[in-house]
Each structure stands twice: as C-alpha cells, then as structure tokens.
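Labels below follow one simple rule: chain letters A, B, ... track the order of the sequence lines, proteins then strands, and each chain is numbered from 1. Because only heavy atoms are used, hydrogens play no part in the values below, and waters and symmetry mates are left out as well, while side chains stay in.
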2 protein chains.
Amino acid sequence: MAKPTNSVNAGQNGSRVTIRDVAKQSGFSSSTVSIVLNDAPLARYVPKVTKDRIEATAKKLGYRPNLFARSLRSHRTRTMGVLVFDMSDPFCTPIIQGIEDSLYQKSYLPILTDVQNERSRFESYLGMLLGLRVEGLIVLGNWLFMDVDVLSDLAKNRIPTVMIGHELKKGPVSTVIVDNEAGSRLAIEHLFSLGHREIAFIRGPKGLGDSIPRWRGVKKFADASDLVLDPDRIVDLPESQHPMTGFEAGYELTKRLLDSRQRFTAIMAFDDMSALGAIRALLAAGINVPQQCSVIGFDDVAPASLCTPALTTIRQPMSTMGAMSVSIALEAIKAEHESKPFPALHRRLAPELVVRDSTAPLNGFVSSARPLGESRRVVLETADI
Amino acid sequence: MAKPTNSVNAGQNGSRVTIRDVAKQSGFSSSTVSIVLNDAPLARYVPKVTKDRIEATAKKLGYRPNLFARSLRSHRTRTMGVLVFDMSDPFCTPIIQGIEDSLYQKSYLPILTDVQNERSRFESYLGMLLGLRVEGLIVLGNWLFMDVDVLSDLAKNRIPTVMIGHELKKGPVSTVIVDNEAGSRLAIEHLFSLGHREIAFIRGPKGLGDSIPRWRGVKKFADASDLVLDPDRIVDLPESQHPMTGFEAGYELTKRLLDSRQRFTAIMAFDDMSALGAIRALLAAGINVPQQCSVIGFDDVAPASLCTPALTTIRQPMSTMGAMSVSIALEAIKAEHESKPFPALHRRLAPELVVRDSTAPLNGFVSSARPLGESRRVVLETADI
DNA sequence: TCCCGAAGTTCGATTTAAATG
DNA sequence: GCATTTAAATCGAACTTCGGG
C-alpha cells in the first residue's frame, strides 16, 4: 500500500492535507490549529498573530477538515438520508428540491438515493445510510407497492424517520401526505360547477394508498349532490411498478370507454399521467379537449403545464411537503439528542385546484367561465390531523 | 455532552452499536470480531463455532460498521460526489439514474447535490463533498451560464472529475457530451426530407455552449443543399437561469413570428421546452400540428412523449451519458491509486432521431411517411473524439 | 511450528488536562 | 498565577504483531 506522503506537499494535493500539515507549516501544534480554525472557546486566549498565521497557512495549503474524522469524534454527521422510490417520477423532483432547500439552510447534507422500486436496492442503500450514521431519514414513497417494513428496520435503529406520500398510521414513523379526499372533492366540484353530470372516472390502482381516499372524496360529493356515478363509466388503473405506465393505461382505458360508446362529457383521472393519456386518446378519436370533453388530473407535475391544452389539475404542495418533512425530522433529531420522547407526527396538507385549459363549461351551461389561457388557482387552508 | 452508553444496550439503539459491543457480548476481542465479520485472511484460522457466535451476536445487536471509522483507516470512502446544476430540468433525471445505476453496481454511494444554479451553493456543496473525501466528482452542467472555475478548485484538489453536458477542451476535467452538430443535422435532414423548405428556427441562447454547434449543423446542411436560411425566420432564445423559461420564450417567439406574418411550414426548436412552447402558440393561433406546421425539438425529455401531438425530437442518450461518466471517473480513480497519469477524456455521444407525431410531410410532398401514432427511431453510431 | 485469540497502533480531528515561560 | 500552547486521550474499525497453548 502506497503510504500517502504527509510531508510538505504545499497545496498540491489539497484533499489530503491534514491538520498536522497545517500545524507543522505554521509552527504550532495541531491542538492550537484546531482551536483556532473552529473558533473554539479556548480561542479567546490565542493572540491574533497566531490566529492569522494559522489561518493563512490553512488557506495556503487548501486545508479541509476530514469530516469522517470529525464525525467520528463528535458523534454528529449533519447528514440526512433521503430514500426516493423512483426519481423518474416527475412528482419527486419538486419534493426533493424542497428537502434540499430546507436542509441547505440548516447546513445539513442530504444523502439522496434512488431505490428505483427495487426492494434489494432499498435495503442496500438503507444499510449504507445507516453505516454513514445519517442523523435522520426521509422516505419518499411516491409510487409504492412494496410493503414497507421500514418500520421494523428503523424502529430497531432508532433513527428519526419521516415518510412522504404514504400514510402509516401506527409506528414511530412520521408521515406527510396531501389531503387526497379534499383534492378529489375539489376536482369533482370543479367539473360539477361547469355543468358536467356525465363524468367518467379513471380510478387509481387498488394497491395504491392514495386511491381509496381520492375515490371517497368523489363518492361523498356525489352523495351530497344529485350527481350519479354510473359504474359503466368507472375504470381502474392496473397495478404497476412504474408511474409512467399510468400514461399508457390512461390512454387505453379511455379508448375502451370510447369504443364502448359510453356517453360522458368529462373525465376525472387519477393523476396527471393518466389524464394526459386520456387526452391523447380523446384527440386521436377526434374529440376536442376541452370543447367536447373536459379532463382533470391530480398532482400538477411539470408536464401538466407544458402540454396543450394545459391540464387543469389538483396541485400537491410538493415543495412544502419536502420542507415540512425536513422540519419534522430535525425536530425529532433534536428530541433524540435531548433524550426526549418524540411521538410520530402526521401531517396532511391541503391541495389546490389549478384551472388551466383542459376543462370548460358544458355546452350552454352558465358558469364563472374565464378566457382560455389564463390559469386560476383555488387554495384551501392547510389542515393538520 | 451526554456520553453515549456503550454498555450492554442490546439492540435498543442499533445505530450506535460498536464492534466492541459485539466483542463484549460474544466474549471475544474486537480484533477477532473484525477479522470474522470482514472475512479477512486471518479468518481462516478462526474456528467455525467462534465465527457463528460472533455473527449471531452481531446480527442480534444490529451491528453496522461505522463507515466513518472504516474510511478514516482505509483512506477510501467509496463515494462519488455528483453536483447537478438544476435537478428540476427533466433532462437531468435520466442522467442521474444512469449515474446511480452504474455506481450501484460498483457499490459506490453517490452523494447527489442540487446547486440550483447558485454559485454559492456550488461552492458550499463542493466544500462538503471534498470534506467527505469523495473519491471522484461528476458535474452535471446542463444549463450552465456560470463560468465554472471548477477547474482551478479541482485541479488543486486532485479529484478525478467528469463534466456532463458542457465541453471543456482543456484542463484535467474529462467531459461527456452529446454530438450537438450531428443531432441538429439529423433534425434538419428530417424536416427537409419531409419536403419542408420554409423553416423557422428558434436558436439557443448565445451564452449556452450547445447553441453554437447545433446551429453549425443546420448551416452546414443548408450549405450542402438548396435550403435557404432566411434571417427573418430565425429567432434566439434569451439568456436565462432556468430551463423552464425556454417554454415561455418558445411560445412568445413563435407568436411573434406568426404576428410578423412570416411564412413557414416547420419550426426547428433549440430544445424540447421551446418546441412545446412553439406548439402551444401554433395551436392557439388555430394552426394544426403537424398538418399545417411541423415542429421538432431536441433532448427527448419526458414531457415530449406525453404531450399530444407527441414531439418528434433528437434524443440525447442520457442514461448512457451518466453511465459513461461513471466509468471514466472510476478509471481515473483507479489510475490515481496506482499513481498513473490519467489524461482527460472527451467523449461525444451520438444522438438519435425519434420520429413521433409533431412532424409530417409537407402537403403533397411524397416521402417515406408513416401512420400517425407510431414512433420511429433513427440511430447513429457513437463517435469518440 | 501451528493454531487461536488478544493487545496495541493507526487514521484525522477534537478536547481535556497539563506544561511552559 | 497568568497567558499561551501542547501532550495525550478519544472516537470506531482495521490490521500488524505478539503471546500462550
């Protein structure tokens, strides 16, 4: 093994400059160097000339403290593990940015891994993160069929953990989700207020946690109004590993609805992907959106606003969800350090309706219409549970 | 400071179980435990009963070696720093996945940071990564106006570095880019072969490295054929920090072209974002795509295939670019370890034409048309430079 | 000498207690 | 005794060396 030369390698190999190199070069001991560079309490007694000399040589050599050595000593790493189930889901990006922004402000380093819906990767990355002694863990279970025993693993490891996008009512894991029921209620209300009564529904896969509350929102609204839910106009997305297949499924299911000659004037899709698939099927059949059929999605992922017609949808407050998960995790870490108990928190954030160009009043229906191209946002208050 | 109890805390706080805890519990010394768990050469002499007992207690306690301690000793971290300039750019995601996949196979851990086009974040994250002693660095400079002195910083730190999406001809940094000129040639050839002669161009921002070679491809093709490039049909995207503004700019520029009553039967956009903006402007003006006007993009980001009409575009081999950058970085790391020189490598990958629904033959022009909805891919060979 | 296991040293930074003038 | 500075212990794992049977 080649022994690294810790001699006078002035700045030529900055990444391996140690505190001792700085000490030797400046003529002081490593203790003094450490005290000065960290502005430790004892630095009060160090005269300015010494400080200046040490700081100058540290800079000259390009000294960077080895975080491994420091963490080993201090038992703190200032890192947060982030496990994402599928980064290619456009839903993730804004959440991740929200997480990064918050962590950056607290000078925490996110260790971000994409498990790509593979159980083996999940376990492997989790192992690495635990080995790295991340102080907390944020799990982004956006499109999740894996039955997560994060619980058992994490309970055993006592790492403050927050899960986004997937509700876990029990256990020590905090959760941050969108209020799916309120969201789907916003969507159906919007279509209803535009005069639509014959509405087709593309529901979510049965195995996905979001599917149930979103459908509940629709049912409750129907019960409370004169809206009829015709089973022949209701279809379900298949279970799938990948969120992108929602697009194709939305396309196929809509084609099938059209082929079966069901009458409908609007489609409420489970998410934006399936909504975009539905739009393609409609346009392919020569049906104009929104003039002949309205379409509404859920999520407000990036492509939703880029397509034409721009998609009316229910927006999840993704960046806020990321930020909130960080603040919960940091609180839990703090509690852990003070040996205080920290009961799992469960936050459910309010979605908002974003009205764009894929929905329009039913022919002849009078409503608060608006010129095409403008986008309107209806915001609800955030509700904690 | 609360001193962590390193006593017999059987599994209750797995993340802080040390090798000594395992030693105490199993009745052997930490040396033996280390030898057994790492299956070191000396493990040959350890009897099976000892091994079993050690492995059992390690599992029972949920022992995980502290990677900080290990790295400190071994001078290896098996981590790779990844600096992304803007994760919200859909162009990034597939590249990141390519990087992750390759690193995962080599059991390297990516440390992925999003500098969000802020110089201060770049420096801050770079500092953290160097402090973490990442073995290599991959920089994803997708939408880059910052004048990168990655060079000076990294040269000083002697860290093997690969840059994706931004060419740096000199210096120790290897680069991986797409062959922009070949790509734009594919695009213009495609439009030309469909019969288009009156073509509008939305060029890239002047300050962006990709803009020049892409335009060169067009000019060379025009020179070699009877295509005329009318300056009145050429517009430039403005400089901008954010790739998403390309959409709005594409929309505005196209509207302006239409307002100026320029004649054109096709638009060649700088990238997919501006192409999607162009499509919206065309449709808003009542011009059908592709029947009355074809549109072609560049990149093949996710939204391109989700929109209707699906976008014909030039695909960058993003996942390959990610994988290639990893393999270069790992080679450089290996060379570094063997104290061999490693001259910077510069790879230029071939793009491919993906024909979808936003381009069509000019009215009455005979060409190798194909039924709508099918997508065709034309692949070039990869060329190294 | 062979086998098995344990002490002791090392990595780089921090911190306590102690030493110097 | 005071103002400065430093030796030495420490963190957790790995590995070399050493000792007892």
Side-chain angles (χ1 to χ4, degrees), chain A residues 1-6 13-24 26-54 58 61 63-78 130-133, chain B residues 1-6 9 13-24 26-54 58 61-78 130-133:
Chain A
M1 193 181 65
K3 197 183 163 200
T5 58
N6 270 343
N13 197 334
S15 76
R16 278 192 203 150
V17 176
T18 75
I19 198 172
R20 268 181 280 262
D21 295 322
V22 179
K24 247 173 237 166
S26 64
F28 294 95
S29 74
S30 57
S31 324
T32 312
V33 174
S34 169
I35 287 163
V36 168
L37 293 184
N38 291 298
D39 202 24
L42 275 177
R44 290 195 312 119
Y45 303 121
V46 179
K48 191 164 181 312
V49 267
T50 308
K51 285 183 183 172
D52 287 346
R53 239 206 355 253
I54 288 176
L61 297 184
Y63 168 69
R64 278 179 200 287
N66 184 325
L67 296 183
F68 284 87
R70 174 180 287 178
S71 296
L72 187 58
R73 199 49 247 247
S74 66
H75 294 287
R76 299 218 47 179
T77 60
R78 296 196 78 80
L130 293 177
L132 268 180
R133 301 294 188 265
Chain B
M1 194 182 64
K3 196 183 165 200
T5 57
N6 270 343
N9 53 355
N13 197 336
S15 75
R16 279 194 201 150
V17 175
T18 76
I19 198 171
R20 270 183 281 263
D21 296 322
V22 179
K24 248 174 234 165
S26 63
F28 295 94
S29 75
S30 57
S31 333
T32 313
V33 174
S34 170
I35 288 164
V36 168
L37 293 184
N38 291 296
D39 201 24
L42 277 177
R44 290 195 312 118
Y45 304 125
V46 179
K48 192 161 182 312
V49 268
T50 306
K51 285 183 182 172
D52 287 346
R53 243 216 339 260
I54 289 176
L61 297 184
Y63 168 69
R64 279 180 200 286
N66 184 324
L67 296 183
F68 285 86
R70 176 182 289 183
S71 297
L72 189 57
R73 188 63 236 261
S74 65
H75 294 288
R76 301 218 47 178
T77 61
R78 297 196 78 79
L130 293 177
L132 268 181
R133 301 294 188 265

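B:R73 meets the side chain to side chain contact (heavy atoms under 4.5 Å, CB included) test with no other residue; sequence neighbours excluded. Residues passing the side chain to side chain donor-acceptor pair (under 3.5 Å) test with B:T32 are B:S29, sequence neighbours excluded. With sequence neighbours left out, A:S31 forms a side chain to side chain donor-acceptor pair (under 3.5 Å) with no residue at all. Taking the side chain to side chain donor-acceptor pair (under 3.5 Å) definition, one finds that B:T77 meets it with B:T79, sequence neighbours left out. Looking at residues two or more places apart in sequence or on another chain, you find a side chain to side chain donor-acceptor pair (under 3.5 Å) between A:R76 and A:Y108, A:E135.
Atom pair A:R70:CZ and C:dC11:C1' shows a separation of 16 Å (rounding to whole Å applied). Atom CZ of A:F28 and atom C1' of D:dA7 are 16 Å apart (whole Å). The separation between B:L37 atom CG and D:dA14 atom P is 8 Å, rounded to whole Å. For the pair A:I19 CD1 and D:dA7 P, the interatomic distance rounds to 13 Å; values are reported in whole Å. With rounding to whole Å, A:L67 atom CG is found 14 Å from C:dG12 atom P. For the pair B:L72 CG and C:dG12 C1', the interatomic distance rounds to 5 Å; values are reported in whole Å. Distance, B:Y45 OH to C:dT1 P: 14 Å, rounded to whole Å. A:N66 has its CG atom 14 Å from the C1' atom of D:dG12, to the nearest Å.
When heavy atoms are screened at a 4.0 angstrom cut-off, B:T50 is found touching the sugar-phosphate backbone but no base atom. Here B:F68 lies out of heavy-atom contact (under 4.0 Å) with every strand.
Comparing B:A69 and B:S29 by the nucleotide of DNA chain C whose heavy atom lies nearest to each, the residue mapping closer to the 5' end is B:S29.
Contacts classified as salt bridge (charged side-chain N to carboxylate O under 4.0 Å, His left out) and involving residues 45-54 of chain A (residues at least two apart or in different chains) are given here: A:K48-A:D52.
In terms of heavy atoms, B:R64 sits closest to A:R133 at O-NH2, 2.8 Å.
Phosphate contact (OP1/OP2 of D:dG12, side-chain N/O of B:Y63, threshold under 4.0 Å): absent.
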Polar atoms only, N or O, under 3.5 Å: list the protein pairs with nucleotides 15-19 of chain D and their distances.
none

I'd like a table of donor-acceptor pairs (distance under 3.5 Å, sequence neighbours excluded) in which one partner is a side-chain atom from residues 33-46 of chain B, with atom names and distances.
from, atom 1, to, atom 2, distance (Å)
B:S34, OG, B:N38, ND2, 3.4
B:N38, ND2, B:S34, O, 2.9

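With the end axes of the helix from C:dC2-D:dG21 to C:dG21-D:dC2 each set by five pairs, the angle from one to the other reads 80° at 10° resolution.
Considering OG of B:S71 and CG of A:L132, their distance stands at 7.5 Å, rounded to 0.5 Å.
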